Every structure is written in structure tokens, then in C-alpha cells.
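Keep in mind the model is a prediction, meaning the values are calculated, not measured. The chain is numbered in sequence order, starting from 1.
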Amino acid sequence: MKRILMMVLRNFYMVPYGWIRLCYRAAHVDKYTEEDMFEFLRWIDLRANRGGRVHIDVHGKENIPDKNGFMYFPNHQGLYDVLAIVEASPRPFSVVAKKEVGKIPFLKQVFACVRAFLIDRDDVRQAMRVIVDVAKEVKKGRNYLIFAEGTRSKNGNQTGTFKGGSFKAATKAQCPIVPVALIDSFKPFDSSTIKPVTVQVHFLKPIEYEEYKDMKTTEIAALVQERVQHTIDENIR
């Protein structure tokens, strides 16, 4: 967590101002458009990354669908993952995360700003309601991000198993699935170094509904995992 401290110290004069604005927005979500809220979060994110000496190397922006109503499915390396994609993505998105993460200060406010869904993995009914609600939101034109591994891989640039259940919202929404390959995203927060670090974000070619409509969710998960891991293996430095 040394890098988090460095991010704060190198933005010392901006932190109180940014924190007050973030808390206000989190408590008054209805006052802002999704686009305005996302730009505000990117403003915070960019300054944190610069202060923490984290460079985001983005690839494949042309693969992001022109029309809203799609879902990102990245590999999950650590607490920094969402911050990397916030800077990399030119389009607003919300998040589906486990409820425990929603209790962490700062992330709690960020999730409130993006109207994230927090899922209770011990409550099957609640989890199913979240899947249905996310599918409805995607059909309305919102974009979402789900970590299909369910938890951090803790194996660096080696992905964990992508779970089929994570793709149920996408199949219900019949939306494009955008695989996202993160490389070295574990380094900013999950290692002790404070040396400059580059995190790669690769947006892969979307998988359209017509391509996966006859597949089981476990097959979709395996396909997305294979494409993500292949991209990681090709681009590890």
C-alpha cells in the first residue's frame, strides 16, 4: 500500500477537495448524468495515477462497441484493476462487485457514484436479482463490468478460472461481450514497490450475441478466458 500513500502525498492539496466532492456526489447521484459522473471519476483517477507514477498503456479502443449496452469482462489481478480501466475506457460503465469490496472507503463512494450493484455470494436469491437487474440496465443502454473470476487470481499475469455464472447477465441482455486483458495490474497496489510501473489494458474484439447465443455460459467463460490469457501471453514484457 506504499503507492496509495504516495498518491495521496503527491496530491496533498487536491485530496481534501476531491474527497469532499466525491462524497457529495456519492450522496447526490441523481443530480448528475452518468457521463458527467464518469468524467469526474476520471479526473480523480488521472491525478492518482500521475501521483503514484502509474502509466496506463491502452490498446484496442477501436474494439469498444459504438453503441452503449455492452459488458466488459476483464481478468482480475488486484484492487487497482477498476482504476486502470476507468482511465483506459472512453465510455462510462458501472460495476458488479462483491458486497465486501463495497465497504472499503473510497471504493464505497466510487461505487455509489456509478450506481454499482453489489452481490452477496452467500445469498443465491439476491445474486439472481442482481443478474436480472443488470441485464435490464444493459438493455437500457448502460455498460457494465464484471470480473468473471469472482476474486483476484493472486497469480500475477496468470488468469484464474472464469466462472460461467458471471455471464448470465450478458446472455439475458443479449449484449456484446468485450473481453479485457489486464497486464501487471497487480503491481501498483499488490506489491511493495513504488517504482514507476506500466499497466497494460487491452480491449479485445467484442463477442456479439449471434456468436455466443447457442453456447452454455461455461463455454462462453472458457472462450473469454482463453482470449484474455492469449493476449496476456503475447504482450508480457
Colleague: May I have the step-by-step check of side-chain contact (heavy atoms from CB on, under 4.5 Å) for Arg152 and Asp190, ending in yes or no?
Modeller: CA-CA 11 Å; Arg152 288 178 282 172; Asp190 294 87; 2.8 Å; yes
Colleague: Phe189 and Val82: same hydrophobic cluster, using ILVMFWY side-chain contacts below 4.5 Å?
Modeller: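 Phe189 and Val82: one cluster.
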Colleague: When you look at Lys213 and Glu210, which way does the salt bridge (charged side-chain N to carboxylate O under 4.0 Å, His left out) test go after all the steps?
Modeller: CA-CA 5 Å; Lys213 67 177 182 180; Glu210 289 300 314; 3.0 Å; yes
Colleague: Quick one: does Ile64's side chain get under 4.5 Å of Phe70's, heavy atoms only?
Modeller: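 Yes, their side chains come closer than 4.5 Å.
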Colleague: Can you tell me how far CD of Glu219 sits from OG1 of Thr217, rounded to the nearest 0.5 angstrom?
Modeller: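 Taking OG1 in Thr217 and CD in Glu219, the distance rounds to 8.5 Å.
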Colleague: Could you give me the CA-CA distance, side-chain angles and deciding distance for Thr151 and Lys98, then say whether side-chain contact (heavy atoms from CB on, under 4.5 Å) is met?
Modeller: CA-CA 9 Å; Thr151 189; Lys98 57 185 179 181; 3.8 Å; yes
Colleague: Taking atom CG of Asp45 and atom CD1 of Ile56, what is their separation to the nearest 0.5 Å?
Modeller: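 Answer rounded to 0.5 Å: 7.0 Å.
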Colleague: Please test Asn49 against Tyr80 for side-chain contact (heavy atoms from CB on, under 4.5 Å), starting from the C-alpha separation and ending with a verdict.
Modeller: CA-CA 10 Å; Asn49 287 339; Tyr80 183 76; 2.6 Å; yes
Colleague: How many angstroms lie between atom CD of Gln109 and atom CG of Leu41, to the nearest 0.5 angstrom?
Modeller: 11.0 Å
Colleague: Give a yes or no answer on whether the side chain of Gln200 reaches the backbone of Ile183 with a donor-acceptor pair at less than 3.5 Å.
Modeller: no
Colleague: Specify whether Phe167 and Phe162 have parallel, tilted or perpendicular ring planes, treating 30° as the upper limit for parallel and 60° as the lower limit for perpendicular.
Modeller: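 Taking Phe162 first and then Phe167, their aromatic rings lie parallel (interplane angle under 30°).
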Colleague: For Arg25 and Val110, indicate whether the former's side chain and the latter's backbone hold a donor-acceptor pair under 3.5 Å.
Modeller: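 Not at all, since once roles are kept as given, no pair shorter than 3.5 Å links the two residues.
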Colleague: Grab the two heavy atoms, one from Glu208 and one from Pro176, that are nearest each other, plus how far apart they are.
Modeller: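 That would be OE1-CG, 3.5 Å.
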Colleague: Identify whether Val180 and Leu204 are in the same connected component of the hydrophobic contact network (ILVMFWY, side-chain heavy atoms under 4.5 Å).
Modeller: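 No, Val180 does not connect to Leu204 through the hydrophobic network.
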Colleague: Is the closest side-chain heavy-atom distance between Val178 and Asn63 below 4.5 Å?
Modeller: no
Colleague: In this structure, are over 12 heavy atoms from other groups packed under 6.0 Å from Lys108 atom NZ?
Modeller: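 At most 12 heavy atoms, drawn from other residues, nucleotides or ligands, come within 6.0 Å of this atom.
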Colleague: Could Asp30 and Arg115 be called an ion pair, given the rule that one side-chain N must be under 4.0 Å from one carboxylate O?
Modeller: yes
Colleague: If you look only at pairs with a residue in residues 214-237, which of them pass as a ring-ring contact (aromatic ring centres under 6.0 Å, His included), with sequence neighbours excluded?
Modeller: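 Output for this query is empty, none listed.
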Colleague: Would you say that Leu5 contacts Lys2 through its side chain, given a criterion of any heavy-atom pair below 4.5 Å between the two side chains?
Modeller: no
Colleague: Distance under 6.0 Å and angle within 45° of the ring axis: does Arg21 meet both against Phe40?
Modeller: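 That pair does not qualify as a cation-pi contact.
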Colleague: Short question: side chain of Gln126, backbone of Leu118 - any donor-acceptor pair under 3.5 Å?
Modeller: yes
Colleague: Nearest 0.5 angstrom please: Glu149 CD to Gln225 CD, how far?
Modeller: 7.0 Å
Colleague: Any sub-3.5 Å donor-acceptor pair from Arg53's side-chain atoms to Ile194's backbone N or O?
Modeller: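 At least one qualifying donor-acceptor pair exists.
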Colleague: Shortest non-hydrogen contact from Asn11 to Gly51?
Modeller: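 The answer is ND2-CA, 3.8 Å.
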Colleague: Check for a donor-acceptor pair, side chain of Asn75 on one end and backbone N or O of Leu182 on the other, with a separation under 3.5 Å.
Modeller: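 Yes.
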Colleague: Do Met71 and Val132 land in one hydrophobic cluster if side-chain heavy atoms of ILVMFWY residues count as linked below 4.5 Å?
Modeller: no
Colleague: Heavy-atom distance under 4.5 Å between the side chains of Val134 and Lys172, does that happen here?
Modeller: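 No, their side chains stay 4.5 Å or more apart.
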Colleague: So Phe203 and Tyr72, would you call those rings parallel, tilted or perpendicular, with 30° and 60° as cut-offs?
Modeller: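 The arrangement is tilted - the two ring planes meet at 30° to 60°.
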Colleague: Donor-acceptor check, side chain of Ser185 to backbone of Val199, threshold 3.5 angstrom: yes or no?
Modeller: no
Colleague: If the threshold is 4.0 Å, N to carboxylate O, is there a salt bridge linking Lys99 and Asp122?
Modeller: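 Not counted as a salt bridge, because no side-chain N and carboxylate O are separated by less than 4.0 Å.
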Colleague: side-chain contact (heavy atoms from CB on, under 4.5 Å) between Asp81 and Phe147: does it pass, once the steps are laid out?
Modeller: CA-CA 10 Å; Asp81 296 346; Phe147 291 110; 3.6 Å; yes
Colleague: Measure the spacing between CZ of Phe186 and CG of Leu79 and express it to the nearest 0.5 Å.
Modeller: 13.5 Å
Colleague: Is it the case that over 12 heavy atoms from other parts of the model lie below 6.0 angstrom from the CG atom of Asp66?
Modeller: no
Colleague: Check Arg91 against Lys67 and note the closest heavy-atom contact, atom names and distance.
Modeller: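 Nearest pair, atom of Arg91 first, then Lys67: NH2-C, 3.4 Å.
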Colleague: With a 6.0 Å cut-off on ring centres, are Phe38 and Phe93 close enough?
Modeller: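 For Phe38 and Phe93, the ring centres are under 6.0 Å apart.
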Colleague: Same cluster or not: Val15 versus Phe106, using hydrophobic residues (I, L, V, M, F, W, Y) connected whenever any side-chain heavy atoms lie under 4.5 Å apart?
Modeller: no
Colleague: Between Arg227 and Glu211, is there a salt bridge with N-O shorter than 4.0 Å?
Modeller: yes
Colleague: Might you point out which heavy atoms bring Ser153 and Gly160 nearest each other, and give the distance in Å?
Modeller: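 Of all heavy-atom pairs spanning Ser153 and Gly160, the closest is CB-N, 3.8 Å.
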Colleague: So how far is it from His28 NE2 to Met37 CE, rounded to the nearest 0.5 Å?
Modeller: 10.5 Å
Colleague: Could you check whether any side-chain heavy atom of Ser94 comes within less than 4.5 Å of a side-chain heavy atom of Tyr144, counting everything from C-beta outward?
Modeller: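 Yes. Closest side-chain heavy atoms under 4.5 Å.
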Colleague: Among side-chain atoms of Gln77 and Asn157, is any donor-acceptor pair under 3.5 angstrom?
Modeller: yes
Colleague: Is any side-chain heavy atom of Gln229 less than 4.5 Å from a side-chain heavy atom of Gln158?
Modeller: yes
Colleague: For residues Ala135 and Ala169, report the shortest heavy-atom separation together with the two atoms involved.
Modeller: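 Closest approach of Ala135 to Ala169, heavy atoms only: CB-O, 3.6 Å.
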Colleague: Do Tyr212 and Leu223 belong to the same hydrophobic cluster, where Ile, Leu, Val, Met, Phe, Trp and Tyr are linked whenever their side-chain heavy atoms lie under 4.5 Å apart, directly or via other members?
Modeller: yes
Colleague: State, to 0.1 Å, how close Ile146 and Ser166 come at their nearest heavy-atom pair, and which atoms those are.
Modeller: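 Looking at all heavy atoms of both residues, the closest pair is CD1-O, 3.7 Å.
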Colleague: Ignoring hydrogens and geometry, is there a side-chain-to-backbone donor-acceptor pair from Asn143 to Gly69 under 3.5 Å?
Modeller: yes
